[in-house]
Structures are given as structure tokens and as C-alpha cells.
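One structure is given below, encoded as C-alpha cells.
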Amino acid sequence: MNFVKRAGTSLRARKSKAAALLSVFVVLCTLLLGGFLLQGATARQEAEVQRRVGVDVTVRGEGLTRRLADRLGGSERVHRYNPVLSLRAGARGFAPLRSEGGGSDGAGAGDGEQPAVALNGVRDFGLLLPFSYGSARITAGRGVAPGDADRDVVVVEERLAAKNGLAPGDTLRLASADGERTVSATVVGVFRDPAPDPARWTPSYELPGNLLYVPVRTAERLGAGASEVREAVFRIGAPEQAEGLHSAAGRLLGGGDFDFRVNDKAYRDQVRPVQRVGAFAELIVWLVAVAGALILGLVVLSQTRERREELGVLLSMGERKWKLVGQLVVEVAAVAVPAVFLAVLIGRVAGGPAGDALLPRAADEPAAHPGTAPAPVDPPQLRAGAVDVGRVAGIALGISLVATVVPGVGILRLHPRSILATDT
């Protein structure tokens with residue numbers, strides 16, 4: 001009889017032991033699949049954290065202009081960037097806040113003799129430190145976005161907005177420090193700065209309520225073409241990429257002295273829990289593979305000893321020893337294949353709850369409203385793909401092969417006469 005058919009007959013005759021072997025395989029395949037799904041989910045979540053949270057690098061130095069910041073921001077390792085150009089401007093048609101401490105700064109509403117407000121030209125509102133960490137926040141409208149680069153828009157502090165009745169959609173006129181140029185900007189947002197008004201007299205452009213945010217190019221026009229930025233913040237994917245950015249910044253700035261600071265605290269706070277889960281998943285795969293091979297090897301060895309008489313009869317009938325080993329391999333493999341499909345079904349049912357329980361929640365920064373508080377992002381679902389199923393099936397068949405071939409070495413040393421003599 002063909003040893004493959006004989007394996008099928010043996011499984012049908014020994015249903016209880018085949019069922020026990022199937023249950024062991026189901027547990028092993030489920031654990032293997034769970035480990036692979038966790039690895040895949042943690043890899044996706046880590047990539048998402050790199051994209052959304054990332055690492056902020058702040059560059060300061062002489063000669064850093066908006067154009068150089070744009071060139072550095074065009075690097076493939078930079079996800080987002082934000083140069084900051086600071087200057088003073090005059091007010092036209094609205095009343096800046098005045099210090100309550102007395103004194104005079106000569107900057108009345110609309111006189112244009114001295115700057116009355118402070119401007120920060122920015123590109124990406126979401127990369128401003130006070131808004132990233134939630135100390136300041138948008139209360140109406142939105143912040144300045146990269147799409148506003150060629151538009152004249154402005155974001156005002158709520159104290160200035162309340163005094164002048166400003167709201168998103170209104171128009172605000174700003175003048176250059178020398179009063180020769182004016183820009184009409186559309187109010188797109190109102191923000192709240194927690195800094196209190198100073199108790200002592202302070203020039204109006206230093207009052208926290210008189211700080212306005214505009215696109216960098218708008219600030220350049222009001223600053224008589226000034227383009228040297230105070231600082232530029234670049235968001236990269238991981239701390240390991242900071243060295244390459246540092247080299248690129250050095251080349252662009254001519255190798256001069258510049259300040260290069262890496263802030264990776266938020267990234268590490270988000271990524272480390274994900275990486276720990278990924279390492280745990282990898283450990284599960286290795287432990288299950290090794291333990292599965294040992295357990296199944298012991299089970300097959302025990303069954304082989306119980307079947308000594310059967311093996312002796314087959315050997316006495318002239319059956320080749322390698323076919324006996326092949327029969328055991330087919331029997332175990334025939335049990336492993338349905339175990340893989342049962343593990344996939346279990347993974348589909350338990351994948352959602354397992355992902356919620358094991359994967360940490362990452363923080364997201366809403367793109368629609370830069371500067372608002374981060375909201376939690378649901379962890380990725382544990383979903384079984386064809387690659388995961390193939391890997392589980394491969395390992396399961398490998399375990400079945402190892403678990404049968406190693407005990408099968410003992411079969412190669414058997415002699416039918418000694419077996420039958422011992423059994424009688």
C-alpha cells in the first residue's frame with residue numbers, strides 16, 4: 001500500500017490521538033499567527049508615529065534664510081518644516097493693545113510712527129512649540145498652513161480680537177516699520193496665549209496680545225525684503241536621521257557656527273512602547289517555534305514507541321524504512337494544514353480585542369486645526385494577510401518535519417525480528 005494512503009488510514013483509525021495532535025497544532029499556529037500579526041501591527045504603528053509625531057530639529061544660525069530653510073525642508077528625510085521670521089509692524093485701521101502700567105511707546109492706533117505689533121512669519125502653525133505642547137491653542141478658525149505661502153492671512157490673539165471685534169473672515173491692514181508698505185491680510189484664526197499682561201509698562205509690540213502670525217512671505221514684504229529667519233524647525237522621522245540633517249545644514253550654511261537641537265522626547269515616548277510590543281511579539285514567535293518543535297517531537301516519539309509492533313510488521317513485509325518515516329511526516333503534516341486555517345479563523349475573531357489590549361495608543365496631531373491638543377489614535381488592527389498565513393504554514397510544516405524526522409532516526413535503526421521478538 002502506498003505510504004500516503006496508509007497515513008490516511010492510520011489517521012482515521014486513531015481519531016482521538018489525531019484530534020489531540022490537532023489541538024496542539026491549533027494552539028501553536030494561533031500563537032505563531034498572533035506573533036506575526038503583532039509584529040506587522042507594531043511596524044505599521046511605528047511608521048505612523050514617525051509620520052505624525054516624528055522628531056523636531058531646531059536650527060538657528062547667522063545666514064539662515066527662508067530660501068535656505070526651503071532647500072533644507074525639501075530633503076527626503078524632512079516630513080514638515082517651519083521657518084520663523086520675526087519683525088515689528090504698524091497697525092492700520094485697528095487698535096493694538098496698550099500696556100496698563102503707564103508710559104508711552106509712541107505707537108498709537110494707526111499713527112504708523114513706530115511699530116505697534118509683533119509679527120511672526122511662519123509656514124506650518126502645527127510646528128510652533130507653544131501649540132505643539134498645548135500651552136497655546138486655536139480658539140476659532142485655524143492656523144497658518146503651508147498652503148497659505150502665497151496668501152496674505154493672519155492669526156490674531158484673542159485679546160486683540162476682542163478689543164477690535166475681529167473674527168475669522170475679517171480683514172486686517174498691517175504696515176511696515178517705516179510705514180511705506182501696507183498689506184491687507186484676511187483673519188483665518190484666533191488663538192489664546194496663556195501669558196498674562198505684564199504688570200509694568202511694556203512697549204506694545206512686546207505685549208503677548210499684540211503678537212500676530214502671518215505667512216513668511218507676507219512678513220518678508222513687510223520687513224523690506226528681510227529674509228533671515230530667527231529659527232527653523234524640521235520634523236524628521238526618527239532620531240537616527242538627525243545626523244544627516246545636521247550635515248546638510250552645515251553645507252547650506254557654509255560650515256559656519258549654528259545651533260542644532262534635537263527634541264525627540266515625544267517621539268521616544270510614543271515609539272518605545274510600540275517597540276517593546278514588537279520585541280515581545282518576536283520573542284513569542286521564537287519561543288513558540290522552538291517549544292512547538294520540542295513538544296511535537298515528544299508526542300511523535302511517544303506515538304512511535306506505541307506503534308513498534310505495527311512498524312515491525314511493515315518492516316517484516318519488506319517495507320522500506322524511509323517510507324515509514326514518510327508516513328509519519330504525512331500524518332503530522334495532514335494535521336498541521338487544517339490547524340493553520342483554524343488559527344486564521346481564531347485570529348479574525350480575536351484580532352480586534354487583542355490589538356486594543358496589547359498595542360499602545362499613539363497621539364495624533366490634527367491637520368485640520370494645527371495647534372489644537374493631540375487626540376489619541378486607535379492602534380492598528382491585527383489583520384492576517386496572505387504573507388502571515390504563508391509564514392505560519394511554513395513554520396508549522398517545518399515543525400512537523402523536524403518533529404517526525406528526528407524521532408524517525410530511531411526507526412532507521414529498527415530490525416523487524418528484534419521488534420517482534422520483544423513484543424511476543
Side-chain angles (χ1 to χ4, degrees), residues 1-41 280-308 310-311 314 319-351 354-355 382-412 414:
M1 182 184 295
N2 185 282
F3 73 91
V4 176
K5 294 182 178 179
R6 193 166 60 239
T9 303
S10 176
L11 288 174
R12 288 192 296 270
R14 306 167 65 250
K15 294 179 180 179
S16 60
K17 293 185 177 180
L21 191 62
L22 176 64
S23 63
V24 173
F25 255 119
V26 168
V27 173
L28 293 177
C29 291
T30 301
L31 291 176
L32 282 173
L33 182 61
F36 287 132
L37 294 183
L38 272 179
Q39 283 182 319
F280 173 70
E282 184 178 2
L283 180 63
I284 287 178
V285 172
W286 281 103
L287 289 178
V288 170
V290 174
L294 292 175
I295 293 172
L296 287 176
L298 293 174
V299 171
V300 173
L301 179 61
S302 175
Q303 293 182 358
T304 302
R305 290 179 176 177
E306 294 176 359
R307 301 168 63 180
R308 285 176 61 87
E310 173 191 344
L311 298 176
L314 292 172
E319 186 65 271
R320 295 184 178 183
K321 294 179 180 180
W322 70 267
K323 288 189 176 182
L324 297 181
V325 177
Q327 176 184 339
L328 295 178
V329 172
V330 171
E331 291 179 9
V332 177
V335 175
V337 172
V340 173
F341 290 99
L342 289 174
V344 173
L345 293 177
I346 295 173
R348 289 182 177 178
V349 174
L382 302 183
R383 55 179 184 270
V387 176
D388 297 318
V389 176
R391 294 169 71 185
V392 172
I395 293 179
L397 293 177
I399 290 176
S400 65
L401 184 63
V402 172
T404 51
V405 170
V406 174
V409 174
I411 297 177
L412 300 178
L414 295 177

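- With values rounded to the nearest 0.5 angstrom, L345 atom CG is found 10.5 Å from L33 atom CG.
- Heavy-atom minimum distance, L22 versus P338: CD1-CG, 4.2 Å.
- For the pair L397 and A333, the tightest heavy-atom approach, listed with the atom from each and the gap, is CD2-CB, 4.1 Å.
- Between the CG atom of L28 and the CD1 atom of I295 there is a distance of 6.0 Å, given to the nearest 0.5 Å.
- The heavy-atom pair separating A18 from V335 by the smallest distance is O-CG1, 4.2 Å.
- For the residue pair A343 and V26, the shortest heavy atom distance occurs at CB-O, 4.5 Å.
- Atom-to-atom distance recorded for L32:CG and I395:CD1 is 5.0 Å, nearest 0.5 angstrom.
- Residue L38 holds its CG atom at 12.0 Å from CD of E282, rounded to the nearest 0.5 Å.
- Counting heavy atoms from C-beta on, the side chains of L342 and C29 never come closer than 4.5 Å.
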Evaluate side chain to side chain contact (heavy atoms under 4.5 Å, CB included) for F25 paired with V332, printing each intermediate quantity in order. CA-CA 9 Å; F25 255 119; V332 177; 3.5 Å; yes
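- Put simply, the side chain of V392 does not reach to within 4.5 Å of the side chain of V344, judged on heavy atoms.
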